[in-house]
Amino acid sequence: MSRIAAILPAAGLGTRMGADTPKQFLDLNGMPLVIFTLHRLAASTAITDFLVATRAEEVPALAERIAQERIGRPVHVVRGGGSRQESVANALAEVDPTTEIVLVHDAVRPFVTREQTDRVIAEARARGAAILGIPAIDTVKEVKRASLPQDVALITATIPRERIVLAQTPQAFHYSLLKDAFAKAADDGSTGSDEASLVERLGHPVHVVLGSERNIKITRPADMELARFYLAQERAAK
Ligand code: C5P
């Protein structure tokens with residue numbers, strides 16, 4: 001059986017949330033969000049290993065909490081970094097080199113489904129790199145931020161909507177490809193807000209599999225309310 005490792009970056013501060021608790025530790029269904037997400041991702045039985053990157057001071061408590069959960073596969077809690085990229089790089093360094101596919105999934109995207117995860121894994125296996133993404137609903141503008149007043153920006157271009165996809169996670173890659181992408185980023189000193197952008201810089205094609213509107217990334221306080229609403233809907237549908 002081939003090894004498929006899933007990395008969950010969970011070391012953010014979540015400053016946009018306006019709460020004292022980082023968003024990955026907010027309560028959803030009686031458990032910290034990161035654990036809820038871990039369970040949802042673990043619905044994909046193809047995954048053989050999990051690595052959760054969290055802030056250094058949270059490592060022991062999170063490892064202890066996860067040990068009480070039934071994930072059915074090893075979960076390593078590693079120290080995250082100052083950026084998402086650094087957190088993923090730290091976890092990637094701990095991935096067993098015999099691994100075929102590495103999947104990265106935001107710890108704060110609780111509604112990923114087994115079907116979505118399995119599709120991204122299958123595409124990555126066949127083509128090297130695949131992510132979930134959804135079409136843009138709104139018209140997307142490129143802007144130059146005006147210095148004053150701060151809430152105004154100047155539009156410099158309108159990007160045709162049919163050429164836009166909003167990237168989600170999971171994002172999955174052949175292990176060696178992702179290692180090369182992170183090595184190049186470290187050499188160049190470049191940063192990307194997702195893993196696909198680092199692979200794109202290598203010139204390697206990345207394929208997009210249709211994600212869903214429900215696969216939200218908890219970012220602002222209202223997102224937690226939406227997450228609780230989705231959860232109540234799921235319960236009512238059972
Ligand atoms: O909100 P944002 O897009 O920055 O966060 C996406 C994910 O990356 C979250 O799960 C967050 O915890 C994680 N992250 C991280 N290390 C950082 C910053 C963000 O693991 N230094």
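First listed ligand is number 1; within each ligand, the first listed atom is number 1. What's counted below: heavy atoms across the whole structure, side chains too, no hydrogens, waters or symmetry copies.
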Could you list the residues that satisfy salt bridge (Lys or Arg N to Asp or Glu O under 4.0 Å) with E115, not counting sequence neighbours?
none

Which atom pairs, donor and acceptor, lie under 3.5 Å between side-chain atoms of residues 217-224 and protein residues at least two apart or in another chain?
unit_1, atom_1, unit_2, atom_2, d
T219, OG1, K217, O, 3.0
D223, OD2, T219, N, 2.8
D223, OD2, R220, N, 2.7

Any idea which residues sit under 4.0 Å from ligand 1, heavy-atom distances?
P9, A10, A11, G12, R16, K23, Q24, G81, G82, S83, R84, S87, D106, A107, V108, K217

Do side-chain atoms of H174 reach the backbone of R125 as a donor and acceptor pair under 3.5 angstrom?
yes

Are I7 and I4 connected in a single hydrophobic cluster, I mean Ile/Leu/Val/Met/Phe/Trp/Tyr linked by side-chain heavy atoms less than 4.5 Å apart?
no

My understanding is that only residues two or more places apart in sequence, or in another chain, count here; which of them pass side-chain contact (heavy atoms from CB on, under 4.5 Å) with P74?
D49, H76

Check for a donor-acceptor pair, side chain of Q168 on one end and backbone N or O of G211 on the other, with a separation under 3.5 Å.
no

